[in-house]
Protein chains: 2
Amino acid sequence: MLDVRRLKVLKAVVELGSVSAAAAALNFTPSGVSQHVSALERETGCLLLEPAGRGIRPTDAALLLCEQASRILAAIQEAEDALAALRSGQIGRLRLAAFPTAGSSLVPGALAAFQLLHPKVALDLTVHEPEEAIAKLRSGAIDLAITVEPYGPGGAPDDGLVRRHLLADPFRVVLPRKHPLAGRRSVDLAMLADDRWIRVSSSPDYCQQAVDDACVRAGFQPAYAMEADEYPTVEGFVAAGLGVALVPELALGPSVHIGVVARHVKGDQPVRQVWAATRPAIAEQAPVQAMLEFLRQAAKHFATDGG
Amino acid sequence: MLDVRRLKVLKAVVELGSVSAAAAALNFTPSGVSQHVSALERETGCLLLEPAGRGIRPTDAALLLCEQASRILAAIQEAEDALAALRSGQIGRLRLAAFPTAGSSLVPGALAAFQLLHPKVALDLTVHEPEEAIAKLRSGAIDLAITVEPYGPGGAPDDGLVRRHLLADPFRVVLPRKHPLAGRRSVDLAMLADDRWIRVSSSPDYCQQAVDDACVRAGFQPAYAMEADEYPTVEGFVAAGLGVALVPELALGPSVHIGVVARHVKGDQPVRQVWAATRPAIAEQAPVQAMLEFLRQAAKHFATDGG
DNA sequence: AATGGTCCTTTAGTGTGACTAAATAGTGAC
DNA sequence: GTCACTATTTAGTCACACTAAAGGACCATT
C-alpha cells in the first residue's frame with residue numbers, strides 16, 4: 001500500500017526540483033526527505049530520483065506518482081471539507097420523533113425555521129408516542145425526541161439522555177357549546193363532578209393520570225362514559241353532548257371543534273410537560289443545538305398564545 | 001491532515017460493525033483499533049463511535065468519513081495500478097534519438113514492432129548526431145540513443161552509460177555505374193588509389209577517419225575532390241562521375257542511386273559500429289529492454305541482408 | 001439479584017521507524 | 001585545485017504504534 005506521507009514528500013521534491021528545497025518546505029532536513037524517497041523507491045521497486053549534476057531529476061515513475069499523489073491528496077482534502085461541513089452543521093441529517101399533537105403543531109414551525117438556516121441538512125420527522133421515541137433515541141434510530149413527560153423543569157431523570165424542557169402544556173376543559181358553564185372564561189372542575197367524562201386512550205398513562213388527579217383534587221372521581229383514541233375524536237364526542245373532557249392545549253390546536261368550547265381550569269391547572277431529548281454524544285452538534293433552540297422558540301410562541 | 005491508516009481502521013470498524021471484528025481483520029488487538037479511532041476522534045474533533053449495548057455504533061461523522069475513506073483508498077489503488085502499468089511497460093514514454101541514417105532505416109522497423117507489443121507507450125524519435133544524442137541521454141532528455149561509435153563489441157567505454165552493440169555497419173565502395181571496376185563483386189581499395197574521392201562532412205570524425213585508415217592500409221591517401229553533407233548527395237556526386245566514395249551500408253539504404261553501384265571492399269573491411277545506449281537508472285525497465293531487443297533483431301536483419 | 005461472558009476502553013510497556021545531526025561523496029564554479 | 005553546494009549515508013534519539021493486562025459496562029442466564 002502506497003504511503004501517503006511519502007507521496008507528499010516526493011511531490012514536494014518533484015515540484016520544488018530539489019531535495020533540500022522540499023526539506024525546507026516540509027520543515028525536514030534533507031536527510032529525512034532523502035530517506036523518505038529511498039523508502040518509497042524500496043516499497044515501489046521503482047527508481048524515483050536520479051542524480052543530475054549536483055541535484056536530482058525525477059524519473060517518469062516519480063512524475064506519475066506525483067500526479068497520482070495530487071489526486072489522492074485532493075481526495076483527502078475533499079474528505080476534510082466534507083467533515084468540516086458536517087461539523088459546522090452545513091450538511092448532515094437530523095431525525096426527529098415527536099408525539100402526535102406536537103408533530104402536527106409545535107414541531108413543523110421549528111423545522112421550517114431550521115431548514116432556512118441549514119438547507120442542506122436532511123430532516124426526517126416521524127410521529128411516535130414518547131416511550132417509543134425514547135427507545136428509538138437510545139438505539140440511535142433518531143437524534144431528537146420530542147415527548148410529553150410527567151415531570152417538569154428540574155425533575156428530569158438522570159438516565160443518560162440530555163433533556164431540555166420546552167413547554168408546560170395545560171389541559172383545558174372542553175365543554176359542549178350548550179353546556180351551562182360554556183359561557184365562563186374559566187371553569188372550576190368541581191362543578192363538573194356530576195358530568196359524564198370522555199377519556200382518550202392513546203395518550204400515555206400519566207396524561208390520563210393528570211386528568212384523574214386534577215379531578216380528585218377538585219373532590220370527585222370523573223365518571224367516564226366514553227373512550228376515544230385521539231383528541232379530535234374526543235372533541236367530537238363532547239360536541240355531541242356525550243360528556244366533557246380535559247384536553248391539552250397543544251392537542252386542541254389553533255381551532256377547536258365548532259360544537260365545543262375550551263375553557264381554562266380554575267385554580268391548580270393540570271399540565272403535561274413537553275420535553276426534547278437527545279443523546280449526550282450528539283447533544284453538542286450544531287444541528288442538534290440549532291434545532292433545540294428553534295423548538296424552544298416555537299414552544300415560547302405557543303405558551304404566549306395559549307396563556 | 002487526515003491520516004489514511006486511521007481511516008482504514010475506522011472503515012474496518014464501521015463495515016464489520018465492531019471493534020473486535022475489525023481488529024481480527026486487521027491483525028490488531030481490539031486495543032490498537034480502539035486507540036486508532038480515539039486518535040482520529042481527537043484529530044477530527046468529532047465523536048465517531050458511540051456505545052450501543054455491548055458494542056458500538058458509528059456516528060454520522062464516522063459514516064461520512066468511511067464513505068470518504070473509500071474514495072481515498074480507491075485513489076491510492078488507482079495510483080498503484082498506474083505505477084504497476086508503468087513498471088510492466090504497459091504505459092509510459094520512450095524517447096529515442098538516432099543518427100540520421102539509422103533513423104531512416106534501422107530504427108523505424110524496431111519502433112513498429114515495439115508499438116505492437118506496447119501500444120500505450122508513447123514513442124518519440126528524434127534524429128541527432130551521436131555526440132548530441134549522448135549528451136541528451138545524460139541530461140535525461142532522451143531514454144535511448146542509437147549512435148555510431150569507433151569501437152566495436154568489447155570496446156565500449158565505462159562512462160556511466162549502459163551500451164549494447166547492435167551492428168557492425170560495413171562501408172561499401174560506391175562507384176559510378178560506368179567505372180572500370182563496377183563489374184566486380186568486390187573491389188580492392190588499392191585499385192582506387194588514383195581515383196578522385198568524395199567525402200561526407202556531416203558524419204562524425206571517426207567515420208571519415210575509418211575511410212582514411214582503410215585507404216592508408218591499402219597503401220594510399222585518398223585524394224578528396226568534393227565534399228557533400230549527406231550520403232545521398234555523395235551518391236549523386238559519384239553518379240555524376242565526380243569521384244568514388246566509401247559509404248556505410250545503412251546509409252545506402254535498400255535502393256542505391258541509379259547511376260552508381262555499391263561493391264564490397266575486398267579484404268579488411270572498414271566498418272562503423274552501431275550502438276544503443278541508455279542510462280543505468282532506466283536500463284532494466286521493461287520498455288527499454290523491449291526496445292533494445294527489437295533494435296537487436298532489426299540489426300540482425302540488416303546484417304543478414306547486407307552481410 | 002447475582003454471576004458469567006462479551007465487548008470496549010484504559011493503562012503500562014516495548015519495539016519499530018521517523019526524524020535530526022554529523023560525516024561522506026559527488027558535482028560545478030571560481 | 002579549492003570551495004561551495006547538493007544529496008546520501010550513518011548513528012542516535014524520540015515519538016508513536018502496537019501488545020498485554022486490567023478495568024468497566026452491558027446483556028444473558030441462573
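By convention in this document, chain letters (A, B, ...) are assigned in the order of the sequence lines, proteins followed by strands, and residues within each chain are numbered from 1. Heavy-atom basis, side chains included; hydrogens, waters and symmetry copies ignored. What you see is a predicted model, and the numbers here were worked out from it, not measured in a lab.
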Would you check if there is a donor-acceptor pair between the side chains of Ser18(B) and Arg54(B) at a distance under 3.5 Å?
-> no
Using atom types as modelled and distance alone, determine if a side-chain donor or acceptor of Thr278(A) lies under 3.5 Å from a backbone N or O of Arg163(A).
-> no
If you check the Pro30(A) side chain, which of dT20(C), dA17(D), dT8(D) turns out closest?
-> dT8(D)
Protein-nucleotide distance (Asp3(A), atom CG; dA17(D), atom P), rounded to Å = 12 Å
Is a side-chain donor or acceptor of Arg71(A) paired with a backbone partner of Ile76(B) at a separation under 3.5 angstrom?
-> no
Using a cut-off of strictly less than 4.0 Å between a heavy atom of the residue and any atom of DNA chain C, enumerate the qualifying residues of residues 37-49 of chain B by number.
-> none
Do Glu43(B) and Arg6(B) sit within salt-bridge range, that is, some charged N less than 4.0 Å from a carboxylate O?
-> yes
Which of dT19(D), dT20(C), dT10(C) is nearest the side chain of Ser34(B)? It is dT10(C)
Would you call the rings of Trp275(A) and His165(A) parallel, tilted or perpendicular, where under 30° means parallel and over 60° means perpendicular?
-> perpendicular
Among residues two or more places apart or on two chains, list those pairs meeting salt bridge (charged side-chain N to carboxylate O under 4.0 Å, His left out) that have a residue in residues 273-287 of chain B.
-> Glu50(A)-Arg279(B), Asp143(B)-Arg279(B)
In short, salt bridge (charged side-chain N to carboxylate O under 4.0 Å, His left out) pairs touching residues 120-138 of chain B with sequence neighbours left out are Arg138(B)-Asp159(B)
Rounded to whole angstrom units, what separation is found between the CG atom of Asp159(B) and the P atom of dT27(C)?
-> 13 Å
Would you give a per-nucleotide map of nucleotides 21-30 of chain D, 5' to 3', where B means the base has a protein non-hydrogen atom under 4.0 Å away, S means only the sugar-phosphate does, and - means neither?
-> -----BS---
Rounded off to whole Å, could you give me the NE2-to-P distance for the His36(A) and dT9(D) pair?
-> 15 Å
Given atom CG of Leu26(A) and atom P of dC19(C), what is their separation to the nearest angstrom?
-> 9 Å
Ignoring the backbone of Arg5(B), work out which of dA17(D), dA7(D), dT19(D) is nearest its side chain.
-> dA17(D)
Any residue meeting ring-ring contact (aromatic ring centres under 6.0 Å, His included) with Phe294(B), in chain and number order, not counting sequence neighbours | none
Minimum-distance nucleotide to Gln35(A) side chain [options: dC18(D), dT20(C), dA17(D)] = dT20(C)
Name the nucleic acid region contacted by Gly32(A), choosing base, sugar-phosphate or nothing; use a 4.0 angstrom heavy-atom cut-off, strictly under.
-> base
If you look at every strand shown and take non-hydrogen atoms under 4.0 Å, does Ser20(B) touch a base, only sugar-phosphate, or nothing?
-> sugar-phosphate
Taking CZ from Arg57(A) and C1' from dA7(D), how many angstroms apart are they, rounded to a whole number?
-> 14 Å
Determine the contact category for Asn27(B): base if any of its heavy atoms lies under 4.0 Å from a base atom, sugar-phosphate if only primed atoms, P, OP1 or OP2 are that close, otherwise nothing.
-> sugar-phosphate
Per-nucleotide pairing state of DNA chain C [Watson-Crick or G-U, under 3.5 Å; [ ] pseudoknot-crossing; | other strand] | ||||||||||||||||||||||||||||||
By nearest nucleotide on DNA chain C, pick out whichever of Thr29(A) and Ile56(B) is the more 5' one.
-> Ile56(B)
Check whether any side-chain N or O of Thr59(A) sits under 3.5 Å from a backbone N or O of Leu48(A) as a donor-acceptor pair, and report yes or no.
-> yes
Which one, dC18(D), dT9(C), dA17(D), comes nearest to the side chain of Arg6(B)?
-> dA17(D)
Charged N to carboxylate O below 4.0 Å: is that the case for Arg272(B) and Glu149(B)?
-> no
More than 12 foreign heavy atoms under 6.0 Å from CD of Glu67(B): is that the case here?
-> no
Is a salt bridge present between Glu293(A) and Arg164(A), judged by a nitrogen-to-oxygen distance below 4.0 Å?
-> yes
